[in-house]
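Reading through the structure tokens given below for one structure.
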There are 2 protein chains.
Amino acid sequence: MIQVAEAVFAERGYTAASMDEIAERVGVSKPMLYEYFNSKEGLLLACIREARAELRRVTAQAVANSPTGEEALRQGLLAFFGFIRDRRQAWSLVRHEASLVGTAAEELETTRQQQTDLIATLMGDFTDPETARMAEESGLLQAAAEFVVGGCERLAIWSEQRSDLTPEIVAEYAVNLLWGGLAHIADR
Amino acid sequence: MIQVAEAVFAERGYTAASMDEIAERVGVSKPMLYEYFNSKEGLLLACIREARAELRRVTAQAVANSPTGEEALRQGLLAFFGFIRDRRQAWSLVRHEASLVGTAAEELETTRQQQTDLIATLMGDFTDPETARMAEESGLLQAAAEFVVGGCERLAIWSEQRSDLTPEIVAEYAVNLLWGGLAHIADR
DNA sequence: AGTCCACCTTACTCGAAGTAGGTTACTTCC
DNA sequence: GGAAGTAACCTACTTCGAGTAAGGTGGACT
């Protein structure tokens, strides 16, 4: 059910996708969808949750057992950009999640936060404990995690339009930028 | 007209905002809106374009005449996060622009690219010419610009939920992360 | 057999996007 | 001055899709 909905949302876009079509393609009638998901937004939300969960699973696995922070970053990003390429539909949902509004939007933030929390924790692990504690209290760790996610998502959208770039190259760019910072590029 | 539409979209969200309401609040009838903007999407697009143009103006001005790359970055980010705080409505549109789909979405990418181009050029200016040329050819400059924009947008959304953070603090976080990179935080 | 209940459907309402066709008021030309 | 044309605008519709109400079908339990 969610799979079909994912496909329809991805190919038509949220607004243009009709519940009638989804119901028909699933092979049930519309009230059934409402029974399970309450509303169109609810259905989209369920799809996005699913997609995000998968993304989280994939990256968490990739990151596990990296000896250094830089290596963890590289592996995580590789997994992320690979996901973008291989699961276009799922990614398309995550990308357009901003269409949601109101209650659904708040629920979504929760889901999203699981992702950033993962990253924030991870960064904490690779940081000197005292520094980490301070960074956490000031919110810097959270900020950094948000930053990583936002930057990479944007980078992913950008890279979709450039067929010459493989996930490996994009991941390498991202590691360079993120790890070394702009200071490594701009020197004046 | 665009001002009113901006307000309605911002307070109701794209889907929930009705053309009837906008028309009424503007003081004209619905067909007039369609005359000028062709469709609901067209209207939203016009609003977003306006908002982005303003954002670009503000940041470009802030960045001008900075002696170093780091300073330019700081000033630009300050302007950006200030904009978020002072022009909530406009920002809300930019934030939700992903709702657009199809032709409108493509037009939007153009608008957005003006922003990233600005940043890419700027970074080029602060970089050793030879390095800059190489970075430009490989697409690294573009990638970096996308990254900056994405990261900061996400950071802005995050900071909206934390009332204890001023634009100055958030900008400072962003500068730290962007300029120095994660290597400065994570040390293992 | 009869009753109940979970499950699913058809067939509706209602609201909002988009449009057709008419009206007013103003300009232009005879 | 008045007829013809036109720009700007409105009222009143059509259409489409989200969400719902009320009813049917088959199995389980008494």
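Throughout, protein chains are lettered first and strands after them, A, B, ... in sequence-line order, and every chain is numbered starting at 1. Only this structure's heavy atoms are used, side chains among them; waters, hydrogens and symmetry mates stay out.
- Using a cut-off of 4.0 Å between Lys/Arg side-chain N and Asp/Glu carboxylate O, A:Glu130 and A:Arg133 are scored as salt-bridged.
- B:Thr131 places no side-chain N or O within 3.5 Å of a backbone atom of B:Thr127 that could act as its donor or acceptor partner.
- Atom CG in B:Asp20 sits roughly 12 Å away from atom P in D:dT11 (whole-Å rounding).
- Judged by distance alone, the side chain of B:Ser92 and the main-chain N or O of B:Arg88 form no donor-acceptor pair under 3.5 Å.
- Atom CZ of B:Phe9 is separated from atom C1' of C:dA16 by 13 Å (rounded to the nearest Å).
- Closest approach to the B:Lys40 side chain among D:dG17, C:dG18, D:dG19 is made by C:dG18 (side chain taken as heavy atoms from C-beta onward).
- In this structure, A:Glu153 pairs ionically with A:Arg52, as a charged nitrogen and a carboxylate oxygen lie closer than 4.0 Å.
- Counting to the nearest Å, the P atom of D:dA18 and the CZ atom of A:Arg12 are 12 Å from each other.
- Using a 4.0 Å heavy-atom cutoff across all strands shown, B:Ala17 reaches sugar-phosphate atoms only and no base atom.
- When distances are taken from the side chain of B:Ser18 to each of C:dG18, C:dA16, D:dG17, the shortest belongs to C:dA16.
- Of the residues in residues 22-38 of chain B, those lying under 4.0 Å from DNA chain C by heavy-atom distance are B:Lys30, B:Pro31, B:Tyr34.
- Around CD of B:Glu172, the count of heavy atoms belonging to other residues, nucleotides or ligands within 6.0 Å exceeds 12.
- We find that OH of A:Tyr14 is positioned 14 Å from P of D:dG17, with the value rounded to whole Å.
- Figure legend: cation-pi geometry between A:Lys40 and A:Tyr14, with NZ or CZ positioned under 6.0 Å from the six-membered ring centre and within 45° of its axis.
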